[in-house]
Novice: 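Input: one structure, supplied below.
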Amino acid sequence: MRTTNSKAAEEADSKRKKDPYTFWNTLIFLLKGIRSSDPKLLVFMIVEAVCTVVTPYLGMYLPKFGVDLVTEQADPKRAVFLLGGITAAMAISQMAQRAQTMLHDRLRSHYRNRLFAKTLECDYEHVESAEWQKRYQEAREMSVNWGEWSGTTLMSQGAVKTFAAVFSFFLYGSILAELNPWLLLLLVGLSMVHFLALRRAQKHEVDRILERSGIQHGRWYFRTKASDVNLGKDLRLYEMAGWIRGYFHHYRDAHFRLRQDVQNHFYQAALVKAATLFLRDGVAYLYFLWMACGGRITAGDFVLACSAVASFSALVTQVSDSVGQMFQALPPLKRMRAYLDAADEPEPDPAAALPARGTPISVEFRDVTFSYDQKAPVLDHFSLKIRPGEKLALVGVNGAGKTTIIKLLCGFYHPTGGEILVNGTDVRNYKKEDLWQLIAPVFQEATILPFTIAENVSLQPEQATDHSKVRECLETVGLWEKVQSLPSGMDTGMMRLEEDEGIMLSGGQKQKLLMARALYKDAPLLFFDEPTAALDPIAESETYEQFHQLSGDKTAVYISHRLASTRFCSRVVLLENGQVRASGTHEELLRSCPAYAEMFRVQSRYYRKEEEAVL
């Protein structure tokens, strides 16, 4: 017999596995988004729903009044009033629909901005995750990037149509019930058969919507690659056109087969619709014709009853379509909500205070172990102390764990074991933004943005940039002469994204710009993570010497698998398989570490200016 505790544990586990994003709370989530983006959209949705109910209902009585006027059984004033009401309702409905178009665009933009903000602000480990990027693509594409077919628009429009259709369903049903309740039950029963058949086809389409998104992404990828200027040379020289075209045709054919499968289900639903329509409307029309011929209802009532049956039939399709539309929108909205709700590492409360400005920074890795995605450890019980103001070189072959050390110190990831201390305080106890104030990095990837040179140095908007400080930093790194020669100086745009006159810097100039950026931030801890990998060995050696001069009394860490930085550093640490293999000055390691001595012997000739050899 199971214990009470085990039953409670199973129930708790069942609740955790339960989908937190139900239809109703997703609808509420969307309504909150409408209120945040523009409340007028909700007003227009309500107006459209009311007009959608009123217009066909009044229109259903119009033929009856026409017949009654001919038979002199109706007041002409009532017919004119009815016609005026129909015209006004139709006009208002059209205006409400038109007004919604722009507001739906604004709603999609509202959620697109939320997704974009989440991507900018989420923990860095998500940015490097392929699964996270896939989730972002899925959340964005089907929820906000498909225009009128986006999940947000489908759900909101479907809600309007469903409300109007269900309300009208009861209105028309009440008219039919007065004539014959049994006939109403027959119509409802046959309508449910049609409804279920159509819902089956719609559910099948929803089940395959994610597969369709993947196929469309594949088609988009190969279509864009065909016009990619960076791939254009390889495509032609290696005669890859047929290969790429084959993949594109594969995704095109897969998309066609998927759509054919979906349409087959709708074709089956259409057959059920035709059969139920024949039975439903045929029986109803024959019954009303029998009553009219027997004098049980007037000619006007006969026309009204037939109009009610026709409207009733149309409502069945409308209800099914609108409900299907809402359920079609549900999966992408669920994915969007899951992406937006994804939890980041919580900030410490209370958080540790930063060291006072000007305080030298020390770093200690204490028995740190770390692995990506539960794979083999990149760092294995790694320990290292970096003294205040020390110039440390981390060297080793690719994959030794050098860049991972920086990511952990920046708080981008957290160790699975051990701790990392900055001035004796665990980095987990600092707020991320506080910790980042201590660090000025220069990474291998030269991140140049399509802003002005000044903004690229400060990484701040124009109005928040200290231009005199930017000039000082550019002069210090030796880039001011180049910048001064440009027509707009430091206000010259970069990357040629928005301005034709935007400049493109050379590799060495980009590194100087990154150095100026690090100087502008004026943080006490500097990182140079293989920033010279794209430079030739002589330029690399000169760049590292300049880094060393600019670092002053700050704590600086140089990371490289080449040894240009080691000769002027106060200590060199050789990493191997996530551990410290050797530590000491450049001269000490040459004498005591054969692996380091061999690395330097192989590379040293590349840093002699008198030799012509290059890597």
Side-chain angles (χ1 to χ4, degrees), residues 14-37 41-42 45-46 48-49 100 103-115 118 131-132 134-166 192 194-217 258-259 261-263 265-266 269 316-342:
S14 176
K15 289 181 179 179
R16 282 194 297 270
K17 293 180 179 178
K18 187 178 179 181
D19 186 0
Y21 305 117
T22 65
F23 173 84
W24 292 110
N25 65 32
T26 299
L27 184 58
I28 293 172
F29 163 81
L30 183 63
L31 292 175
K32 289 180 179 178
I34 291 173
R35 184 180 63 183
S36 299
S37 65
L41 176 57
L42 186 59
M45 288 170 61
I46 294 173
E48 182 188 357
Q100 287 182 67
L103 297 178
H104 278 300
D105 288 342
R106 187 172 296 175
L107 177 63
R108 291 192 295 270
S109 179
H110 166 75
Y111 283 113
R112 194 179 293 115
N113 290 340
R114 287 189 58 183
L115 290 168
K118 179 70 174 182
E131 176 62 25
W132 179 267
K134 178 183 176 183
R135 288 172 61 188
Y136 174 60
Q137 285 292 112
E138 292 174 355
R140 185 183 61 180
E141 289 301 311
M142 292 181 287
S143 296
V144 296
N145 276 8
W146 283 6
E148 294 299 314
W149 292 97
S150 300
T152 51
T153 304
L154 288 178
M155 177 66 81
S156 55
Q157 291 181 341
V160 171
K161 295 175 182 177
T162 301
F163 168 80
V166 170
M192 285 304 301
H194 169 216
F195 176 81
L196 294 175
L198 190 55
R199 283 293 303 128
R200 175 178 173 273
Q202 291 169 339
K203 186 178 184 302
H204 180 72
E205 183 180 32
V206 169
D207 291 341
R208 302 205 65 180
I209 192 171
L210 189 58
E211 182 182 351
R212 182 179 68 177
S213 176
I215 292 173
Q216 288 180 330
H217 180 71
L258 186 149
R259 292 302 305 161
D261 174 60
V262 170
Q263 290 305 316
H265 281 72
F266 278 100
V316 174
T317 303
Q318 184 178 336
V319 169
S320 183
D321 287 345
S322 55
V323 170
Q325 183 173 321
M326 296 176 73
F327 277 97
Q328 181 181 348
L330 190 58
L333 289 180
K334 283 183 176 183
R335 283 187 281 274
M336 180 174 68
R337 293 184 65 190
Y339 183 85
L340 292 174
D341 292 345

Novice: Could you check if a side-chain atom of Asp261 sits within less than 4.5 angstrom of a side-chain atom of His204, using non-hydrogen atoms only?
Specialist: yes

Novice: Roughly how far, to the nearest 0.5 Å, is the OH atom of Tyr21 from the CG atom of Leu333?
Specialist: 12.0 Å

Novice: Once you round to the nearest 0.5 Å, how far does CE of Met336 lie from CG of Leu340?
Specialist: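 Between atom CE of Met336 and atom CG of Leu340 there are 6.0 Å.
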
Novice: Measure the CG-CD1 distance between Leu42 and Ile46 for me, rounded to the nearest 0.5 Å.
Specialist: 4.5 Å

Novice: Check whether any side-chain N or O of Lys118 sits under 3.5 Å from a backbone N or O of Ala342 as a donor-acceptor pair, and report yes or no.
Specialist: yes

Novice: May I ask you to test the Thr26-Leu30 pair for a side-chain heavy-atom distance under 4.5 Å?
Specialist: no

Novice: Side-chain donor-acceptor pair under 3.5 Å between Gln157 and Gln100, yes or no?
Specialist: no

Novice: From Asn145 CG over to Thr152 OG1, what is the distance, rounded to the nearest 0.5 angstrom?
Specialist: 9.5 Å

Novice: So Asn113 and Ser109, do their side chains get closer than 4.5 Å, heavy atoms only?
Specialist: yes

Novice: Return the orientation label for the Tyr111 and Phe29 ring planes: parallel under 30°, perpendicular over 60°, tilted otherwise.
Specialist: tilted

Novice: Please work out which of the three classes, parallel, tilted or perpendicular, describes the rings of Tyr339 and Trp132, given edges at 30° and 60°.
Specialist: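 Rings of Trp132 and Tyr339: tilted, 30 to 60°.
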
Novice: State, yes or no, whether a side-chain contact exists between Leu103 and Arg106 at a heavy-atom distance under 4.5 Å.
Specialist: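 SC-SC contact between Leu103 and Arg106 confirmed.
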
Novice: Of the non-hydrogen atoms in Ile34 and Ser156, which two are nearest, and what is the gap between them?
Specialist: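 Nearest pair, atom of Ile34 first, then Ser156: CD1-CB, 4.4 Å.
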
Novice: With sequence neighbours excluded, what pairs up with Arg200 under the salt bridge (charged side-chain N to carboxylate O under 4.0 Å, His left out) test?
Specialist: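 Listed in chain order: nothing, the list is empty.
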
Novice: Any side-chain to backbone donor/acceptor pair from Ser36 onto Lys32? Under 3.5 Å, distance only.
Specialist: yes

Novice: Can you name the closest pair of heavy atoms from Thr153 and Arg108 and give their distance?
Specialist: OG1-NH1, 2.7 Å

Novice: Ignoring hydrogens and angles, tell me if any N or O in the side chain of Thr22 forms a donor-acceptor pair with the backbone of Asn25 under 3.5 Å.
Specialist: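 Yes, Thr22 side chain to Asn25 backbone: donor-acceptor pair under 3.5 Å.
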
Novice: If I take atom CG from residue Leu154 and atom CD from residue Glu148, how far apart are they, to the nearest 0.5 angstrom?
Specialist: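 Reported to 0.5 Å precision, the distance equals 8.5 Å.
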
Novice: Is the number of heavy atoms from other residues, nucleotides or ligands under 6.0 Å of Arg259 CZ greater than 12?
Specialist: yes

Novice: Hey, could you give me the CE/NE2 distance between Met45 and His104, rounded to the nearest 0.5 Å?
Specialist: 6.0 Å

Novice: If we count only N and O atoms by modelled type, under 3.5 Å, do the side chains of Ser143 and Arg335 hold a donor and an acceptor together?
Specialist: no

Novice: Looking only at heavy atoms, which two atoms of Gly151 and Pro332 are closest? And how far apart?
Specialist: CA-CG, 4.4 Å

